[in-house]
Asks: 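Below is the structure I would like to discuss, written out as structure tokens.
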Amino acid sequence: MVTPSLLGPTAGRVDDVRRIAVLRANALGDFIFALPALDALRAAYPAAEIVLLGAPWHAKLWRDRPGPVDRVLVVPPAPGIRAPEPGEPESSIDDFLAAATGCDLAVQIHGGGANSNPLISRLGARVTVGLRADDAPPLDRWLRYVYYQHEVIRYLEVVGLVGAPATTITPTLAVTDADRAEAAQVLGPADRPRVALHPGATDNRRRWPAAHFAEVARALHEDGYEVLVTGTPAEREVVDRVVAAAQVPVRPQVGTLSLGGLVGCYADCALVVSNDTGPLHVAAAVGAPTVGIFWVGNLINGASPLRGRHRPISSWTVHCPVCGVDCTPGIYPHRPGDGECPHRDSFVADVPVIEVLEAARELLTP
């Protein structure tokens, strides 16, 4: 039976579901986008066990954390599924499949499905559902993978195919006492309101220049805020450049906080300013106001649609700043242009500092 829902019609629920396996084993921001779909599954199947098929970091994040996931089963590294984490022990796909058997419903929200749909099909679930690009095999119930769609809505449409209508479009991540305790131990008490800047991103094309972040740090420090600059160990160099260029006291936090500690840190920040990367979406999910710097394509797929607490600032650059290649025809092959190029220079460097500062000060004004 098809029933109306927040996002349009949904298909019927699957009967007698005791265990649901959900494949979402990629990066931090990607997981945050999946939280409303997991919430929808929990509401539609309140008695079922929801098992996230994820990476080791998912298991650490979800340990003793309230939310829609009951437990995490780590998927072995495999092409198109996930890369191994540093120091991760080898694991067997056969052992994983043996541990994952017994699910009644298997959900694929891990991309277009060329690699993930065959894995989902091997779980032996009574019903499989997920995304399907042109090069992917079908599942029992599937939704066409179309690149430009907001990620939250994409996954909500998938779970709607098994009778799990949306209960929210806003990703929410619970903040635990352990998160706050770690942040307090590392950062100490705040003598004035804190803001955090996150100048890193795995793709250099999504990085706003460090000098621009430094200008924001300087201005917000002068406005009376304590400024943190967060980053992963791989982002130490860009954090150091921001700190050096700011020319005011700011506090670098590189590798000082676990992911849970970062959750606690952001939850108590008055504002987080960041490139479009996982920490930006974590900050929004734990309730912090955010200013995000986005490339226009990523704005479509990942920026929060809410404006009460969030201000995504967009670059409209579509031509490579080095060679001038139009980088859109890879998505729209019938349009004139050159497609991909090998350069990874910033596509968001043209976002003016004043736009980010105006958005930040508006959100910081009581």
Side-chain angles (χ1 to χ4, degrees), residues 19-39 41-42 49-78 81-93 95-96 99-100 103 107 109-110 116 119 151 155 171-187 196 198 200-202 228 230-236 239 253-269 272 274 277-288:
R19 180 178 298 165
I20 303 171
V22 181
L23 177 62
R24 187 66 173 164
N26 34 17
L28 177 59
D30 300 313
F31 175 69
I32 297 297
F33 294 145
L35 287 171
L38 290 164
D39 288 332
L41 286 169
R42 169 55 65 223
E49 180 189 34
I50 296 179
V51 181
L52 177 67
L53 309 182
W57 72 262
H58 291 100
K60 294 176 185 176
L61 176 67
W62 216 258
R63 188 176 298 128
D64 300 322
R65 187 175 304 276
V69 174
D70 294 302
R71 63 185 174 98
V72 175
L73 184 60
V74 174
V75 185
I81 302 297
R82 70 175 186 89
E85 294 185 5
E88 180 181 349
E90 290 188 12
S91 54
S92 161
I93 188 65
D95 290 343
F96 163 76
C103 59
V107 181
I109 50 174
H110 190 78
S116 49
L119 177 62
E151 300 292 326
Y155 309 131
T172 302
L173 185 66
V175 183
T176 68
D177 291 342
D179 297 334
R180 294 188 187 278
E182 180 186 338
Q185 181 179 20
V186 171
L187 300 174
H198 191 89
T202 52
L228 310 177
T230 59
T232 66
E235 296 165 341
R236 182 178 300 277
V239 170
Q253 301 296 319
V254 178
T256 59
L257 294 161
S258 70
L259 181 51
L262 190 69
V263 165
C265 167
Y266 285 166
D268 289 332
C269 281
V272 175
S274 174
T277 188
L280 174 69
H281 306 297
V282 167
V286 300

Asks: In the structure I gave you, are the side-chain heavy atoms of Val75 and Leu119 within less than 4.5 Å of one another anywhere?
Replies: yes
Asks: Can you name the closest pair of heavy atoms from Trp57 and Asn26 and give their distance?
Replies: CZ2-O, 3.4 Å
Asks: Determine whether a donor-acceptor pair (N or O, by modelled atom type, separation under 3.5 Å) exists between the side chain of Glu182 and the backbone of Gly260.
Replies: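 Not at all, since once roles are kept as given, no pair shorter than 3.5 Å links the two residues.
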Asks: Mind checking whether Arg82 and Val74 have side chains closer than 4.5 Å, heavy atoms only?
Replies: yes
Asks: Going by heavy atoms in the side chains, are Asp70 and Arg42 under 4.5 Å from each other?
Replies: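 SC-SC contact between Asp70 and Arg42 confirmed.
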Asks: With sequence neighbours excluded, tell me which residues meet salt bridge (Lys or Arg N to Asp or Glu O under 4.0 Å) with Asp39.
Replies: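 Asp39 satisfies salt bridge (Lys or Arg N to Asp or Glu O under 4.0 Å) with no residue once adjacent residues are dropped.
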Asks: Can you check whether Leu53 reaches Val22 side chain to side chain, under 4.5 Å on heavy atoms?
Replies: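 Of all side-chain heavy-atom pairs linking Val22 with Leu53, none is under 4.5 Å.
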Asks: Under 4.5 Å between any side-chain heavy atoms of Arg19 and Ile50, yes or no?
Replies: no
Asks: Given Ile20 and Val107, is the side-chain contact (heavy atoms from CB on, under 4.5 Å) satisfied, shown in steps?
Replies: CA-CA 7 Å; Ile20 303 171; Val107 181; 4.0 Å; yes
Asks: How many angstroms lie between OH in Tyr266 and CG in Leu228, if you round to the nearest 0.5 Å?
Replies: 8.5 Å
Asks: What heavy-atom pair brings Pro77 and Ala83 nearest, and what distance separates the two atoms?
Replies: CB-C, 4.1 Å
Asks: Working to the nearest 0.5 Å, report the span between SG of Cys265 and CG of Leu259.
Replies: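 Result: 11.5 Å between the selected atoms.
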Asks: Which atom names give the shortest non-hydrogen contact between Ile81 and Ser116, and what distance separates them?
Replies: CD1-CA, 3.8 Å
Asks: Side-chain contact, heavy-atom cut-off 4.5 Å: Asp268 with Arg180?
Replies: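 Yes - at least one pair of side-chain heavy atoms lies under 4.5 Å apart.
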Asks: What do the steps show when you test Val69 against His58 for side-chain contact (heavy atoms from CB on, under 4.5 Å), and what is the final call?
Replies: CA-CA 10 Å; Val69 174; His58 291 100; over 6 Å; no
Asks: Kindly indicate whether the side chain of Leu73, heavy atoms from C-beta on, has any atom under 4.5 Å from the side chain of Leu52.
Replies: no
Asks: If you count heavy atoms of other groups shown closer than 6.0 angstrom to CD of Gln185, is the number above 12?
Replies: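 No, the 6.0 Å shell around CD holds no more than 12 heavy atoms from other groups.
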Asks: Ignoring hydrogens and geometry, is there a side-chain-to-backbone donor-acceptor pair from Asp179 to Thr176 under 3.5 Å?
Replies: yes
Asks: Taking all heavy atoms of Pro66 and all of Ala174, pick out the closest pair and write down the distance.
Replies: O-CB, 3.6 Å
Asks: Step by step, would you call Val239 with Gln253 a side-chain contact (heavy atoms from CB on, under 4.5 Å)?
Replies: CA-CA 8 Å; Val239 170; Gln253 301 296 319; over 6 Å; no
Asks: CG/Leu262 to NE2/His198 distance, rounded to the nearest 0.5 angstrom?
Replies: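 Reported to 0.5 Å precision, the distance equals 8.0 Å.
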Asks: Sequence neighbours left out, what passes salt bridge (Lys or Arg N to Asp or Glu O under 4.0 Å) with Arg63? Give chain and number order.
Replies: none
Asks: Of the non-hydrogen atoms in Ala55 and Glu85, which two are nearest, and what is the gap between them?
Replies: CB-OE2, 3.7 Å
Asks: If I take atom CG from residue Leu35 and atom CZ from residue Arg24, how far apart are they, to the nearest 0.5 angstrom?
Replies: 10.0 Å
Asks: Which heavy atom in Val263 sits nearest to a heavy atom in Arg65, and how many Å separate them?
Replies: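 Closest approach of Val263 to Arg65, heavy atoms only: CG1-NH1, 4.2 Å.
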Asks: As an exercise, state the distance from CG of Leu187 to CG of Leu257, rounded to the nearest 0.5 Å.
Replies: 5.5 Å
Asks: Is there a side-chain contact between Phe33 and Ile109 (heavy atoms, below 4.5 Å)?
Replies: no
Asks: With side-chain contact (heavy atoms from CB on, under 4.5 Å) as the criterion, how do His281 and Phe31 come out once you've worked through the C-alpha distance, each side chain's angles and the decisive distance to 0.1 Å?
Replies: CA-CA 9 Å; His281 306 297; Phe31 175 69; over 6 Å; no
